[in-house]
Amino acid sequence: MTGSKKIALSIVIPLAIILIILLSLFLVYGIDILKDAFEHRDWTKIDYCNDSWDVKIPNATIEYTFSSCGGFNGDGETYTLCRYSSIPSEFLQNFTLDSKGENLEKYNSISTMLQSSNIDKSKLIEPDENYIWMSKTKNSNNTLLLAYNQQTNTLYIIEQFI
């Protein structure tokens, strides 16, 4: 075998092995990613929230959505404003008034981060006695805050991922 054939084989064989490994990884992981994207192609923010947080938010008209999430870890905040034509009474059974101010404190913390982003500041909550709240925490640092304005039938979905 000539020297040029040996050099060619020393390049082609490792390259072929690398391509086989990459193809195998795509078959193992890529198909699942594509399948997941196809299955969730018509999902709204409400669908994602229901799936991620194990809540049952009823469908509503989504009037505004904002996300500052990005980067490798997906850290950031999401903010969604939903309007209901009638009161979702069954869903609101687990909501409470914020008598101790705990939810307002969480909201103010997240709101500070949102205000430093490109969110439409006119869409942010101005908390008052018309709001009832529900809060969930996952992995000790991710927060879901649901605020419902009883006067306007508006649900605010606020998430913070750290």
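With sequence neighbours excluded, the residues satisfying side chain to side chain donor-acceptor pair (under 3.5 Å) with Asp120 are Ser122. Residues passing the salt bridge (Lys or Arg N to Asp or Glu O under 4.0 Å) test with Glu105, sequence neighbours excluded: none. The salt bridge (Lys or Arg N to Asp or Glu O under 4.0 Å) check on Lys106 picks up nothing, with sequence neighbours excluded. Contacts of Ser99 classified as side chain to side chain donor-acceptor pair (under 3.5 Å), with partners at least two apart in sequence or in another chain: none.
Remark: side-chain polar atoms of Lys45 are not paired, donor with acceptor, to backbone N or O of Leu81 under 3.5 angstrom. Between the side chain of Asn139 and the main chain of Asn141, no donor-acceptor pair closer than 3.5 Å is present.
Closest approach of Gln150 to Glu129, counting heavy atoms only: NE2-O, 4.3 Å. Tyr79 and Ile125 make their closest contact through OH-N, 3.1 Å (heavy atoms, listed as atom of the first residue, atom of the second, distance).
Using a 4.5 Å cut-off on side-chain heavy atoms (C-beta onward), Asp47 and Asp51 make no contact. Between Tyr107 and Tyr156 there is no side-chain heavy-atom pair separated by less than 4.5 Å. You'll find the side chain of Thr78 reaches within 4.5 Å of the side chain of Cys69, heavy atoms only.
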>> As a quick check of understanding, evaluate side chain to side chain donor-acceptor pair (under 3.5 Å) for Thr154 and Arg83, giving each step before the final call.
In response: CA-CA 5 Å; Thr154 306; Arg83 186 109 31 210; 2.5 Å; yes

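The distance from atom CD of Glu159 to atom CD of Glu77, rounded to the nearest 0.5 Å, is 10.5 Å.
Other cluster members for Phe161: Ile46, Trp53, Val55, Ile57, Ile62, Tyr84, Ile87, Phe91, Leu92, Phe95, Leu97, Ile132, Met134, Leu144, Leu146, Tyr148, Leu155, Ile157, joined by side-chain heavy-atom distances under 4.5 Å among Ile, Leu, Val, Met, Phe, Trp and Tyr. If you chain together ILVMFWY residues whose side-chain heavy atoms come under 4.5 Å of each other, Ile18 ends up grouped with Leu22.
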